A.B. asks: 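I'd like to ask you about the structure that follows.
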Amino acid sequence: MIPHELCQPNLNFLGLPEELANPATAKVWILPIPYEATTTYGAGTRNGPLAILMASRQVELHDHRHGCEPAESLGFATLPPMEITVSTPEAMINRVAAAVETVFSRPPSPELLVVLGGEHSISAGVARGLARVVETDGLVCVQVDAHADLRDEFEGSPFNHACAARRISELCPVFQIGIRNISKEEAEFHSTANNIQTFFREQWGPSGVNALRDFVRGKTVYLTIDLDGLDPSIMPAVGTPEPGGLFWDELLEIIRTIGEAAARVPVMDVVELAPIPGMIAPDFLAAKLIYWAAADLLLPGDGTNRGG
Ligand SMILES: [Mn+2]
């Protein structure tokens, strides 16, 4: 069920005035998808999009790294939350794919579409829709996640959240960062897959950043961020927390690297936020992450903070 509050027309990302939140002119569009059906452990991802929108109103619009208010030059339009179908996971994935396809099929289109999950299974739909509207030759996916998500099928569905990266890898090469949970079946598949590059958490460092830069250089990048890729000390509000995750600065470096080297990043998703009542820090982290990521992906670098 879509939370009632999301129906308020003025509940847009960052709480911007109308002229900065108009899809006709905004370079960033926010698409909430409060979908939760195949989550296996902690529940609550259906509440993720609303929590991010609420928390975003506390984000400082001035970004000292860029020396400006990115919201003013970019504009952020918040679309109505996608209607959810729970008939089958595949029906929902198809609905997501159709929405992404529509966004980029006719003007106005955003420079960056930010999809708010909801559970990670929606990413298979995002990739499917994107593959219909961009040259798949130049399309790659960067996945930040604790889990490899390479299962061919889980709990009876190939569109379970545990299969997200496997489905994406059928459409384009995938670069995985922060992984620290992979099953035997996934590891076996991984050893035979030639279009999936994985940096386990303990392997991530400067050489990984260089490999990432090479991977995205000149490409059209789909960035999927499962928030459980972050360390549970800063991101406890996820359905399946895994110890030993990435930290804030590391994630920002990943995003900056993509922003510098990629040809463009038409879509980013931020998924799996399962808000904990009374704990606002994770919701705020997700909201600020989206704002700063949009700035780093779309604004030109200033040569100091965005150097090599
Ligand atoms: Mn995950």
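None of the values given here were measured: they were computed from a predicted structure. Read the numbers this way: they start at 1 and go in the same order the structure lists the ligands and their atoms.
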A.B. asks: When you measure from the Mn ion (ligand 1) to each N, O or S atom of Asp226, which atom gives the shortest distance?
C.D. replies: OD2
A.B. asks: Could you check, using the six-membered ring where one of them is a Trp, whether Phe199 and Phe175 have ring centers closer than 6.0 angstrom?
C.D. replies: yes
A.B. asks: Measure from the Mn ion (ligand 1) to every N/O/S atom of His147 and report the name of the nearest one.
C.D. replies: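 The Mn ion (ligand 1) is closest to the His147 atom ND1, counting only N, O or S.
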A.B. asks: Assess whether a salt bridge exists between Glu101 and Arg132, defined as any Lys/Arg side-chain N lying under 4.0 Å from an Asp/Glu carboxylate O.
C.D. replies: yes
A.B. asks: Are Asp152 and Arg167 ion-paired here, with the side-chain N under 4.0 Å from a carboxylate O?
C.D. replies: yes
A.B. asks: Can you name the N, O or S atom of Asp145 that is closest to the Mn ion (ligand 1)?
C.D. replies: OD1
A.B. asks: Does a donor on one side chain and an acceptor on the other come within less than 3.5 Å for Asp149 and His120?
C.D. replies: yes
A.B. asks: Tell me whether the Mn ion (ligand 1) has Asp149 as a neighbour, meaning an N, O or S atom of it below 2.8 Å.
C.D. replies: no
